[in-house]
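Contents: one structure, followed by commentary.
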Amino acid sequence: MTIIKKNIGILIFLLFTIILISGIINRRIDLTSDKRYTLTETTKKLVKGINQPMEIEVYLEGDFPADFKQLQYETLNLLEELKRVNSNITYKLVDPIKDKISQDTLQAMGMQPSALRVEKDGVSKQIILFPYATIKYKGYGHTVPLIVEQGGISADEQMTKSIEGLEYGFSDAIDKLSREHLKSVGILVNQKELNKLEMYSLFNRIIQNYNFGPILPKDSQSLKIQDLSNMKRFDAIIIAKPRKAFTEEEKITVDQYIMNGGKTLWAIDAVNAEMDTLLKSNKILAYPYDLNLTDLLFSYGIRINPSVIKDVQNPAYINLQVGEVQGNAQNARVPWVYFPLGISMNNHPITKNINPIKFEFPSPIEILDVDGIKKTILYQTSPYTNVQGVPSYISLEEAKISNKDSMNLKNYNNGSKIMAVLMEGKFNSAYSGRIEATEIKGFIPQNPKPNKMLVISDGDVARNQVIKGQPIPLGLDYSTGVTYGNEEFLINALDYLMDDNGLMELRNRTVQMRLLDKQTIVMDKSYWQWFNMLMPLGFFSIFGAILIIWRRKKFSK
C-alpha cells in the first residue's frame, strides 16, 4: 500500500510539473504536411520589426455559412501566430451588422459587400458580408481583403485560394505600413501615353501603396540625360501606350535609368488599331507604330513584331449590334478574336489567383537568346492563333461571323504567341560601344546588380474605360459587365518588380484543404447524427460492463 501511495505521489508530481512547464513555455508543433500553421522566415522578419502597437480588426463575425467559419478560423490562427512572434500585435473580431457600422463607412475603408444566399431550416435568406480585415499602425491604416475574387472557380476552390493568400495579404500590408519611406513609381508622360482619365483606376490603386507621380522633362518637351537624376528618384517607371517615337536621347536616358537599377513596366503597342475608332467607323486600317524602340528592347532580350494576334479559342466577347427587328437594334455578345484572353497557366506570383486578362490587338513577342537574362512567359495565347500582318483592314463584320462553326479553323494554326514576358538579370545597355556612350559622364554598360523588367505587347491593358466622362474600374467591360484581372495583374507586377525581400513568393504558397463531401453529408446526415450520439454511449456501456465483470471475477475469489 505504501508503494502504491508513493507511486501515486510521483505521478501527481509529474503531472503538476508538466502543467506548470506547459504554462510557462507556450509553443505549438505544426504537424500538417503543408506547414499551414508555420510562418515563413520572411513574415517573421517583418513582424519582428513592429515596434509600436498594431491593431488588427477582422470583419468576420456573425451568422454566416460554415465555409466562412473556416476562413475565420484560419485567419485567427494566422493572427495568433503573428502575435506569438510580436506581442505588439493585437486583434479582435468585429460584427459590422451587430455594431451597426454603415455600409458607406465600410466602403470608404475599401470594403465591398458580398451578398450570399443561404438556406437554414428550409428558409432561404440573403446575408451581407464584409470579408476584410483592417490594420492600424502609427496613425495609418490598410485594408486586407480575405476573399480571392476570381471567376470561373467553385466556392471550395475560392475558399482554398483565399486561405492560401492570407499570409501574403497580411504580410504585404504590414510591410507597407511599417516602411519608413514608401517606394516610388513614376510614369512617362512626354510620349503621348495614356492620359490621367484613361489610367485613373490604376493610378488610384498605385497611390494606396506607393509614392506616385509623372516624370516631367526639365524642358517640358522631351527627356534628356539631364533628367536622369530626377528619374532615379523613382524605384520603377511605367511606360503605358506611347504613341510618339522616342528620340535617341530619350532612349539612352531610359536605358541608363535601367542600368542604374530602375525597374520598368512596358505596355506598348506595335500596331495602331483602336477599338473606339472601329466601333464608330465599322472598319479601320491597322498599321505599324514606329516607336524607335526595336534596338533598345532587342538589347534586353525581346522583339515585338508589328502584327496582330487573333485567337479563336480564348477570345474576349464584345457587345455588338448583329441585326435589326422592326427598327429595334438587336445586340448580342460575340467572340472577338482580336481580343485574346490571357489565362495564367503557371503559378507565378504575378499571375496566380487572378481573373483572365483582356488584351486588345496585341502583337507577338519574340524571345531572344541573351546571356544572363531569365525570361518568364506570364501570358500567351492558345495554340489556335492567326497572326495578321499590317498594314491591313480590320472590320466588325468579322465579329458577326466569328464562331468556331463558321470560321476556317485551318487558318488558326500558328501556335501560341507570347503577350507578356518578365525578364530578370543583368541587362546590357543598348548603347554600349556606341558613340553616344562616350558623351555621357558615368555611362554604365551593364547592370552591376540583377534587375527586372516586364514587357506587355498591348498598351490598352492598362487603360480603364471612360463612360460619359467618368472612368470605371480597370478591367471592367462596361458593355458586357465582365470584370477582367488587368488591374490586379499590373499591381502584382509592380509589387514583384520592387520586391526586395522575396515577399511576393508567399503568393505561391499552397494549402491542401481536406474538405468534407457536402453531398454525402446531406444524404447521410441522420446516420452520422445517430452515430455520434450513440457511439460514445455504447463505448462507455461496453467499458462499464467489462469493468463490472472483471471486478466480480476478482473479488469473488
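Counting begins at 1 with the first residue of the sequence. The figures here come from the full heavy-atom set of this structure, side chains too, leaving out hydrogens, waters and symmetry mates.
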Would you call [X] and [Y] a salt bridge, using N to O less than 4.0 angstrom?
X: Asp477; Y: Arg333; value: no
X: Lys161; Y: Glu164; value: no
X: Lys283; Y: Glu397; value: no

Counting only heavy atoms not in [X] (residues, nucleotides, ligands), do more than 12 fall under 6.0 Å from its [atom1]?
X: Tyr200; atom1: OH; value: no
X: Asp371; atom1: CG; value: no
X: Tyr384; atom1: OH; value: no
X: Asp369; atom1: CG; value: no

Quiz prompt | Short side-chain to backbone donor-acceptor contact, Asn447 and Ile258, under 3.5 Å | solution = yes
Quiz item: Where do Arg507 and Asp499 land on the salt bridge (Lys or Arg N to Asp or Glu O under 4.0 Å) test, with the steps shown first?
Solution: CA-CA 12 Å; Arg507 283 181 54 82; Asp499 180 21; over 6 Å; no
Practice problem: Quick one: which residue pairs count as a side-chain hydrogen bond (donor to acceptor under 3.5 Å, both in side chains) with a foot in residues 236-245, not counting sequence neighbours? | Solution: Lys241-Asp269, Lys241-Glu274, Lys241-Asp460
Quiz prompt | Side-chain touch Tyr412/Asn386, heavy atoms, less than 4.5 angstrom | solution = yes
Quiz item: Do Glu167 and Thr40 have a side chain donor and acceptor closer than 3.5 Å?
Solution: yes
Self-check item: Test item: side-chain donor near acceptor, Glu398 and Tyr393, under 3.5 Å
Solution: no
